[in-house]
Amino acid sequence: MRPFVENLPFLSIFLALLAGIVTAAVRSGRTAYWITTGVCAAAAAMHLWVLEYTYLEGLRFTYTMGRFLAPYGNALQCGPLQALLASAFSLVMATCLAGGRRELFQELKPGKQRLYFTMVNMLEASLLALTYTNDVFTGYVFIEISTIAACSLVMAKDSGPNLVAAIRYLFMSLMGSGMFLIGLTMLNSVTGHLLMPALAEAVAELRLSGDYRIPLTVAVGLMVAGLGVKSAMFPFHLWLPDAHGGAATASSAILSGLVLKGYIVLLLVLILRVFSVELLAELGAANVILAFGLLGMLAGSVFAIRENHIKRMLAYSTVAQVGYIFMGIGLGTTEGLIASCFHVLVHACCKPLLFLCAGRLSAVSGHHKSLRNLRGSAYRDVGAGLGFTVGALSMIGIPLFGGFVSKFYFANAALPTGMTALTLLAIALSTVLNALYYVPALLAIWVRPPAEDELAILGDTHAEDLAPDRFFAAASLLLILAVFILGIFYHPITDVLEAGVRLI
Amino acid sequence: MHEDRRDKNLRRRLTSWVDGEREPKDQTLFVMEQRPPRRARQTEEEFERKDRDRLQKFFNWYPAAAAVICLVMVAVLLIAVMNMPGFGQADNPINNEVSDRYLKHGREETGSENAVTAMIVGYRGFDTFGESCVMFLAVAAVMILLAREEHRPADADTEEPEEERADLILEQAARPLIPFMLLIAAYMLLHSETTPGGGFSGGTLLGAGLILTSAAFGAESAQRLLSRRQYSAVRTFGLLAYGLLYGAYIFIGANGLQNHLTRLFLLLDLAVGLVVACTIYGFYALFSRGRI
Amino acid sequence: MIVLEYILLAGVIGCAIAAPLCRRLLASVIVYITMALLMAVLWALLQSPDLAITEAAVGAGVTGILFLLTLKRIHALRDRSDA
Amino acid sequence: MLEDILQNRYAVTAVILFGVGFANLMLQQNLLRKVLGFNIMDAAIFLLLASLGYIDGGVAPIVGDRGFDPLYINPIPSGLALTGIVVSVAITAFALALIQRIYRRYGTIELRELLELAKKEDD
């Protein structure tokens, strides 16, 4: 009889799935909202308990789904890294829901609100399953769940451009999951297994014996490319600005902060557990990922400078930050992967904070999104202004904020590799480019515009928007706290990450 | 008086610098003076033209790049497939101890003679539960898109639902056909262990029977068979039953408790069949008339 | 048996190439449904009856119904050239 | 080379279908034809998956007590393909519902016109 805490990962996934089913049948949107937030908070508590259990005793456990041992039935693998990521994702999901609450209930039609929360629940379940899964085909099924749920989140606001953005997002995602599936098929035909530990042995055998070398390389390339397309790696990021720029505040916060991370975490787990880092370097995939990561860092920021629509600017900056993560993976060392995991955490806290504050700032200035109309909006909602400032400074990489620590870890992860000069140059250049579009945005919201413009803006703001939003204040406070914790007390977190990567 | 006029001037220049309308002549706060002074704000149709030719440029290089990516991918896949294990050889790496176990012990471990159904519901039931959730999600998403609010009149952009004219030929053909379809669907669902075609195809046939009644005899008769509230109840209950049963099975299995859930796999198959039938009927109803 | 497989494989490739190139959308959908049915027969030849039944019922049947309903909704069924 | 292709005829067909589907998914301007391309691509992947499990002289994996012990084919790939087919139908239905709403909203399903219309409305 295994200790009860080992059932928690499976229980949290099932809780989220069943909550998704129940919210579809619930009558009113408010109860669905409270069920969803409750489930996210409960899942966060469960994973914190699992984290405490796995980290303190320094172990990882395999949870077989049903009686059949590893290579025959499904299984979940839980270690400190998965528990930390899962608890962070659940917490950020709960705060995004709290932060975007007012705009959600304004924008969505009353009959359709409960279905929106079904999608959020299923997204939460697929995030947890992608983190914990020990089986590649289960990963594919939950990738499909998160694809449909994410597209529904994009089109929840029901305006014309959102529908076009949603269908373009759907087609690009389907290309990605098509490539992932055919890669998975080849890997299965060459190794015969679907569960990751058995796959790892077979792949190691193949690497030594050297037969089926071409199908193995193509399978690895296709799976990495498929997950890259889905997580907006540089050359495949065309769908992201429209999808994240147009969506409702809570949706774009969840989409850019969490959904992209699910696929990246699955890629990290695949690299660490199945194809070892050395195999990736041997096959040359590491350099390709590094090149795409570097290009993504620079191109994402360049596009963001040209953008004056605040949400599309944040979406382009997401492309740049995903470029950082792929650069970390492409370095081909475990320190690089640890830096990537840390940056996944930092970005999962920072970007939702930026999107929530941007949504709030545009709400108080008459739902205009362009920087010209947001001038001086920070004075109308100081909490949102402060949150946006903290998020922007962390993205630029100012010390005392999370962003600086992850850039610091990327830098010293790049030292031992052969690409040191190139990587350090790219980090420096990208930091300058980040500043070039975040600083004008900060100046725009903090500098009070001439009186007549401000009156024009105040003219078309509705009264209830200007009312203080308690939920938003709590959510942004929590995220600001998270950014500071990641910036100052980062040592306990990096120790858990190192233990997690070693124990994966 | 002189000072406040000067700093008011400074503040105004600072705000105009932030909007990039007018470059400050001399004291540049930043190192940006090499930047060319931006023209006065572009008029509407300049934005229009800029967007159109950016879109034009995008559509020039995109097809070529996409075609190249496609050709490279097909070539790579062909080479890879040529080097993969041969077609139909018994000693391929895929026919290893996992598939032998499913074939040899599948019957007593999951109670199903059909090894494929045993694998889907017994050994890898979590994939099937995930996939049933995908179907549940798809109907929910189509509901968000197409479902018309019953109590509110059809909103702006949805035209009036044209009623389905009862078609005599379809009606006469459907009258004998529907009982057989439902009979075969029931047979498939109940015999999913011994014959091929488990929960999915049985559920599809059940759904097809509902579609035929709705198409041939009009929406009212279908709603008599399965009204809107019954539909959402059956759909939610089917998936909840599957989830709870399978969750209990996993909890018992993982913790090594004594398993006294007999006939479990027949129930799981029926639940999957119900979910698939509701999904397919839901798609048809939402696509054709916007209401269940 | 082998000749039947070659005919079916050639048929599937032909239908797949022809389906998106048809000028009228209704023709594309019909050619796609024939491809799905040929695929179902192929799977029966590959000794996996579950797949054959499901592909015929779900792949050809339900997908076909959904495509035709969508065509009706976007007024593309009539002979107006909609290329 | 030729008898290699004839030996792996199913896999080669699957790759050709995947190429056709992938090209249509990326290149077609009409949204409905893009969905058609996606369906062809998915059917190709499941054909490749199912053909990997086939064993010459194998029989359908119904493990009945038929006295003798025949050679069964591998049940795993056909189980995965079964799940995959149903998933791809669900996604096709979702995409077609989106296309209907777009047609109702803009009156066209050509991607280029849609992008221009959506861009005008965006900011």
Side-chain angles (χ1 to χ4, degrees), chain C residues 1-2 5-6 8-26 28-29 31-33 35-36 38-40 42-76 82-83, chain D residues 6 9-10 12-14 16-17 19-21 23-25 27-28 30-37 39-44 46-47 49-51 53-55 57-62 72-75 77-79 81-82 85-86 88-89 92-93 95-97 99-100 102-104 107-109:
Chain C
M1 214 36 180
I2 294 286
E5 280 179 13
Y6 288 140
L8 284 174
L9 286 173
V12 162
I13 293 180
C15 288
I17 293 172
L21 301 180
C22 293
R23 203 177 45 76
R24 291 189 50 217
L25 285 177
L26 184 61
S28 305
V29 169
V31 171
Y32 169 74
I33 293 174
M35 185 197 103
L38 288 179
M39 191 77 84
L42 259 178
W43 275 327
L45 284 179
L46 277 174
Q47 293 299 333
S48 49
D50 279 89
L51 268 182
I53 295 175
T54 308
E55 169 66 15
V58 170
V62 175
T63 317
I65 288 178
L66 295 181
F67 269 117
L68 294 176
L69 278 170
T70 313
L71 285 181
K72 185 170 92 118
R73 281 310 216 170
I74 57 176
H75 312 307
D82 41 48
Chain D
L6 290 186
R9 50 197 180 283
Y10 282 97
V12 169
T13 320
I16 293 172
L17 286 186
V20 167
N24 280 310
L25 183 60
L27 293 173
Q28 280 290 354
N30 188 325
L31 291 179
L32 208 79
R33 291 207 171 100
K34 273 183 183 275
V35 177
L36 217 62
N39 271 311
I40 294 174
M41 184 176 91
D42 254 9
F46 301 133
L47 179 64
L49 191 59
S51 74
Y54 181 73
I55 300 174
V59 168
I62 312 292
Y72 296 113
I73 68 161
N74 190 337
S78 51
L82 197 64
I85 288 174
V86 182
S88 81
V89 167
T92 310
L96 291 178
I99 289 175
Q100 276 188 35
I102 286 177
Y103 181 81
R104 214 186 279 167
T108 165
I109 47 173

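Each chain gets a letter, A, B and so on, in the order its sequence line appears, and its residues count up from 1. Everything quoted here is computed from the prediction, not taken from an experiment.
D:S51 touches chain C through backbone and side chain together, each having a heavy atom under 4.5 Å away. With a threshold of 4.5 angstrom between heavy atoms, C:V62 approaches chain D through side-chain atoms but not through N, CA, C or O. Neither the backbone nor the side chain of D:I55 comes within less than 4.5 Å of any heavy atom of chain C. Proximity to chain C (any heavy atom under 4.5 Å) is shown, for D:L82, by both the backbone and the side chain. Looking at D:I16, the atoms closer than 4.5 Å to chain C (heavy atoms on both sides) all sit in the side chain, from C-beta outward. Both the backbone and the side chain of C:F67 come within less than 4.5 Å of a heavy atom of chain D. Heavy-atom distances place both the backbone and the side chain of D:L47 under 4.5 Å from chain C.
In the model, D:T92 has a side-chain atom that pairs as donor or acceptor with a side-chain atom of D:N39 under 3.5 Å.
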- Check step by step if side chain to side chain contact (heavy atoms under 4.5 Å, CB included) holds for D:R9 and C:Y6. CA-CA 8 Å; D:R9 50 197 180 283; C:Y6 288 140; 3.2 Å; yes

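When all heavy atoms of D:N24 and D:G37 are compared, the pair lying nearest together is CB-CA, 3.8 Å. Of all heavy-atom pairs between D:A95 and D:V35, the closest is CB-CG2, 4.0 Å. Across every non-hydrogen atom of D:S78 and C:S48, the tightest pair is CB-CB, 4.0 Å.
Across D:I40, D:V12, D:V86, the residue that shares the most heavy-atom pairs under 4.5 angstrom with chain C is D:I40. Residue with the most contacts toward chain D among C:L71, C:L46, C:V58, C:T63: C:L46 (heavy-atom pairs, distance under 4.5 Å).
Under the side-chain contact (heavy atoms from CB on, under 4.5 Å) criterion, C:A40 pairs with C:E55, C:A56, not counting sequence neighbours.
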Mind listing the side-chain donor-acceptor pairs of residues 8-16 of chain C below 3.5 Å, one per line with the distance, residues two or more places apart or on another chain?
none

